[in-house]
2 protein chains.
Amino acid sequence: MRNTLADVVSAALRVLDENGLEGCSMRRVAAELDVQPSALYHHVPNKQSLLALMADVIVDGVGERDAGVPGENGGGHSGMALARNACLAMRSAMLAVRDGADVVATAAAFRLGASAVEQRLAEWVGADGARTLLFYTFGQAQSTQTHRHAASLGALIGPESGRAGQRSGTNGAPSDPVLELDASFERGLDIILTGLESEHRATGAPTNGILH
Amino acid sequence: MRNTLADVVSAALRVLDENGLEGCSMRRVAAELDVQPSALYHHVPNKQSLLALMADVIVDGVGERDAGVPGENGGGHSGMALARNACLAMRSAMLAVRDGADVVATAAAFRLGASAVEQRLAEWVGADGARTLLFYTFGQAQSTQTHRHAASLGALIGPESGRAGQRSGTNGAPSDPVLELDASFERGLDIILTGLESEHRATGAPTNGILH
DNA sequence: ACCTGAACACCGTTCAAGT
DNA sequence: ACCTGAACACCGTTCAAGT
């Protein structure tokens with residue numbers, strides 16, 4: 001045999017990372033493998049399936065244990081803290097590959113409720129909480145990635161301020177909009193977690209939650 | 001003159017609603033206007049700009065006053081209630097046209113902080129609250145639309161249960177997954193609004209909020 | 001100002017045929 | 001099982017030229 005499905009998926013991820021989602025064509029993936037475009041259809045029924053497999057690899061491992069985010073480890077985590085870490089890990093994983101958030105968000109919309117991360121989150125914060133956290137995380141990551149891309153294009157035209165190691169504004173907030181989006185993510189996450197905590201106190205358990 | 005920019009945008013919205021986002025090509029929009037594809041480039045620099053204009057029309061009017069959602073009217077709305085209504089109206093507007101959520105979400109990512117709806121929301125619940133609500137609303141609407149589409153395809157293959165007017169499950173929750181998504185939206189919205197309320201009580205004002 | 005006609009450099013997918 | 005070669009029915013965008 002010459003190429004396996006795993007070869008095709010990882011070649012596709014390489015093409016994605018170098019050319020972005022709109023540059024990630026079946027023909028380019030085939031070229032990356034030195035193969036005719038039609039050969040891909042031996043491994044995958046269509047492009048959409050390939051994108052779903054790519055999404056799985058991108059988020060692989062997120063949501064298992066406290067994976068991805070270090071910090072106050074040592075057991076005794078509350079569900080809220082676990083959920084928080086999972087969302088942070090999820091965002092990092094998506095941001096690690098070009099247009100990763102788009103790929104993952106689109107694939108996730110198809111099998112809502114069926115993904116491994118969503119099910120783990122649901123154990124901690126309930127089904128509604130899990131969905132709310134995921135929608136927010138996807139949207140915020142997509143937005144971050146869009147602005148990073150715009151910034152990387154804008155940098156070639158209008159550097160705006162000379163130095164690379166840019167200072168914070170006088171209010172202590174980062175003036176770089178992409179750093180601002182990183183900080184903003186955690187604040188939005190905390191808003192949702194606070195809401196879930198109130199709900200938890202009021203009802204004694206998260207809606208549809210399994211933990212008690 | 002033969003066609004105006006508004007003609008192009010509304011023709012594009014018609015094509016979108018009938019063929020979906022992936023069937024909404026420049027060539028089809030041109031055909032809808034009985035014009036050569038190249039003629040469109042007199043009105044619009046590229047497809048992306050056209051999609052942005054379409055997004056503006058789709059959400060046009062949302063976020064003004066209590067528009068879109070009736071109910072306990074008569075003044076005296078809190079910022080939370082106003083924000084809630086705006087999100088409901090936003091979702092309805094996006095769901096009203098095929099793939100509307102995708103079109104609006106993509107366009108919104110480009111000008112984060114600049115949209116009219118986001119600015120109104122920010123007055124009521126602060127900048128972080130506005131972003132959190134919008135990301136959630138976009139993601140939830142995209143998911144709803146994906147499942148509606150899947151359901152409309154699945155209905156042709158496996159009706160699953162015979163009757164059209166399907167009953168609710170024994171737990172009182174709708175068994176139809178797309179009705180479930182409608183109900184789930186409000187629950188997630190309330191989680192976020194509860195979080196914003198706690199924050200408001202703790203700090204005396206929403207983060208970056210203008211109202212006090 | 002608004003449009004045509006023709007072209008360029010691409011797409012995803014199918015299918016018979018090879019090894 | 002895995003791939004080639006050729007084809008089909010499309011894309012977005014550019015550009016000279018018409019009225």
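Lettering of chains follows the sequences in order, A, B, ..., and the numbering in each one begins at 1.
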Exercise for the section: Convert the base pairs of DNA chain D into dot-bracket notation, remembering that pairs crossing earlier ones are written with [ ] and that bases paired across to another strand are shown as |; include only Watson-Crick or G-U pairs under 3.5 Å. Expected result: ||.|||||...|||||.||
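Close approach of DNA chain D to chain B, defined as any atom under 4.0 Å from a non-hydrogen atom of the protein, starts and stops at D:dC11 to D:dC15.
Remark: A:D56 pairs with A:R111 by the salt bridge (charged side-chain N to carboxylate O under 4.0 Å, His left out) rule, at least two apart or across chains. Take A:V15 and apply the side-chain contact (heavy atoms from CB on, under 4.5 Å) test, not counting sequence neighbours, and it matches A:N19, A:C24, A:R28, A:V29, A:E32.
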Exercise for the section: Mind running side chain to side chain contact (heavy atoms under 4.5 Å, CB included) on B:R98 and B:L21 for me, showing each step along the way? Expected result: CA-CA 8 Å; B:R98 166 119 92 117; B:L21 185 53; over 6 Å; no
Exercise for the section: Might you work through the side chain to side chain contact (heavy atoms under 4.5 Å, CB included) test for A:E186 and A:L88, ending with a clear yes or no? Expected result: CA-CA 8 Å; A:E186 299 207 44; A:L88 286 167; 4.1 Å; yes
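Residue B:T144 forms a side-chain contact (heavy atoms from CB on, under 4.5 Å) with just one option from B:H147, B:Q142, B:Q140, and that option is B:Q140.
If you check residues 46-56 of chain A against DNA chain C, the residues with a heavy atom closer than 4.0 Å are A:N46, A:K47, listed by number. Sorted by residue number, the list of members of residues 9-17 of chain B with any non-hydrogen atom under 4.0 Å from DNA chain D is empty.
The gap from the C1' atom of C:dA9 to that of D:dC10 amounts to 13 Å, rounded to the nearest Å. D:dC8 and C:dC11 have their C1' atoms separated by 12 Å, with the value rounded to a whole Å. Atom name C1', nucleotides C:dC3 and D:dA16: the rounded distance is 13 Å, in whole Å.
Within 4.0 Å (heavy atoms only), A:R2 reaches sugar-phosphate atoms of the nucleic acid but no base atom.
Ring centroids of A:F185 and A:Y136 are separated by less than 6.0 Å, placing the two rings close together.
Between B:A151 and B:V178, the shortest heavy-atom distance links the atoms CB-CG1, 4.3 Å.
Between A:T4 and A:D7, the side chains place no donor N or O within less than 3.5 Å of an acceptor N or O (distance only, hydrogens not considered).
A salt bridge does not link A:R84 to A:E197: none of the charged side-chain nitrogens sits closer than 4.0 Å to a carboxylate oxygen.
Once rounded to the nearest 0.5 Å, the distance linking CZ of B:F138 with OG of B:S143 reads 15.0 Å.
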